[in-house]
Protein chains: 2
Amino acid sequence: MDTKNKIINSAIKFFLHLGYDNTSLGAIAEDVGIKKPSIYYHFKNKEDLFILSTSYILESIEEKVTQSIENSYSAKDKIERICLSLIEFNHNLSAQINNDYNKPINMINLFHTAANKFPILKKRINDYYTFLHKTLINAMLTGQKNKEVLKEIDAKSTSMELLAQIEGHLVISSLFSNYDTSSIHQSIFNIISNLLTNNEPSKKFFKHKTKTLSLNTKW
Amino acid sequence: MDTKNKIINSAIKFFLHLGYDNTSLGAIAEDVGIKKPSIYYHFKNKEDLFILSTSYILESIEEKVTQSIENSYSAKDKIERICLSLIEFNHNLSAQINNDYNKPINMINLFHTAANKFPILKKRINDYYTFLHKTLINAMLTGQKNKEVLKEIDAKSTSMELLAQIEGHLVISSLFSNYDTSSIHQSIFNIISNLLTNNEPSKKFFKHKTKTLSLNTKW
DNA sequence: GTCTATACGCAGATAGAC
DNA sequence: GTCTATCTGCGTATAGAC
């Protein structure tokens, strides 16, 4: 990995851990094994580094979501995979980042800071949610054509419900120690099974497809 | 309002807007109409001011939630009121704070910073979610005794689902411009109506009881 | 490309007068 | 209780050598 990627890699770690303001370029430099001014050779300034780092995370998620449904033709399967991709991305990111400390990590927090501080990231994050929203809606609409999904379902509000459920669970899991990790799978399963024409009445547990989303690759 | 309350009032505004790090004591002092060192007469330091401000918000929400269900004896009504209280508190806070700028505001973000930086607030926020969780569970359990709520329902996971739905919608609403404000009411209505024994099949819109939760009172 | 040295500004905090 | 003046440390950023 070249220095530039090392810096972004480390920056993401720090930004997720400490936020934008509490992350100092000196700390990133030390982590990478260079001196502070060297960062300025690769990036214009701290803002530039932050914007690129955040954009990289967003691109990675979108890529993983797209890949996850590539070979899937059932609406149920697609929706499940999209939701699982989001959850697993967050979990993998936490697992990778949360090595030393015992602090809650949450991408939402990063997104919020990003949207607040930098208009370009506000737009980018909005595009990210638009992408997720559209992808979920498309899965439902094709499912309705196949008679797999109930025709009365409103795809837009259901997509919003799924996204809110996922983001909400991720947020609460980092703030509430009593949180039960499995409950998000149950919730998503409930929402999805309510969409389907062959809705099995017994509330089975959501099958957890552990197709791990690798974050160990280059940033 | 005395100076100390004026400072907390202003501090909450700034902390919600700009976060802990971007809020300077000088700005708060200017807003209140005093000089920076005067803040140190009322508060030990910036951390102290932040901890007291955040605690005040949490206490206010808990108080409003408690008040909202005081005269309610139906489980459905209680659950609805708890959820609405949370949504309205956030909305009222945003409306009160979001006067000048056009920036997303979200308490979750404040909670996250608070939990990350100050162990005492991490505990306090955990207690806050425990309170909400227990209050919702109690409403469901009494509903099950009255045969108002289906006995198969798992109160714990349903409470978690409701909280996640609310927090998730609030988060997304501040990051996604396409977000439809009404969808949260629909989602909560769906979850609640699935709990009830006299579950009406037609998905009616969630009745929006606009009992405004005042935040204009003293902090 | 990376370094040492350094300028610069900002914000938290204190001393001490009134 | 509130003020003016001031200290202090930290973090961004640049200059310029190697």
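In what follows, chains are A, B, ... by sequence order, proteins preceding strands, each numbered from 1. Below, all heavy atoms of this structure are taken into account, side chains as well, without hydrogens, waters or symmetry copies.
- The shortest distance between the side-chain N/O atoms of B/Thr3 and the OP1/OP2 oxygens of D/dT2 is below 4.0 Å.
- Whole-Å rounding puts the B/Phe43 CZ to D/dT2 P distance at 11 Å.
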Output one line per pair: protein atom, nucleotide atom from nucleotides 9-13 of chain C, and distance, for all N/O pairs under 3.5 Å.
from	atom 1	to	atom 2	distance (Å)
C/dG12	OP1	B/Thr23	O	3.2
C/dG12	OP1	B/Lys46	NZ	2.7
C/dG12	OP2	B/Leu25	N	2.8
C/dG12	N7	B/Lys36	NZ	3.0
C/dA13	OP2	B/Tyr40	OH	3.0
C/dA13	OP2	B/Lys46	N	3.0
C/dA13	O5'	B/Tyr40	OH	3.4

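- With rounding to whole Å, A/Leu18 atom CG is found 16 Å from D/dC10 atom P.
- Between A/Ser38 and C/dC3 there is a side-chain N or O to OP1 or OP2 distance below 4.0 Å.
- Comment: B/Lys134 does not engage B/Glu62 in a salt bridge, judged by the lack of any side-chain N to carboxylate O separation of less than 4.0 angstrom.
- What separates NZ of A/Lys35 from C1' of D/dG16 is a distance of 18 Å, to the nearest Å.
- A/Tyr41 has its OH atom 16 Å from the C1' atom of D/dA17, to the nearest Å.
- The two residues B/Asp77 and B/Ser72 make their nearest non-hydrogen contact at OD2-OG, 2.9 Å.
- Shortest non-hydrogen contact noted between B/Met160 and A/Asn178 is CE-O, 3.9 Å.
- Residue A/His42 contributes atom NE2, which lies 16 Å from atom P of D/dA13 at whole-angstrom precision.
- Regarding B/Asp2, its CG atom lies at a distance of 15 Å from the C1' atom of D/dT2, rounded to whole Å.
- Checked against A/Ser10 for a side-chain hydrogen bond (donor to acceptor under 3.5 Å, both in side chains), the options A/Thr23, A/Asn5, A/Asp31 give a single hit: A/Asp31.
- By the 30° and 60° cut-offs, the orientation of the rings of A/Phe15 relative to A/Tyr20 is parallel.
- Here the shortest heavy-atom pairing between B/Ile39 and B/Leu25 reads CD1-O, 3.4 Å.
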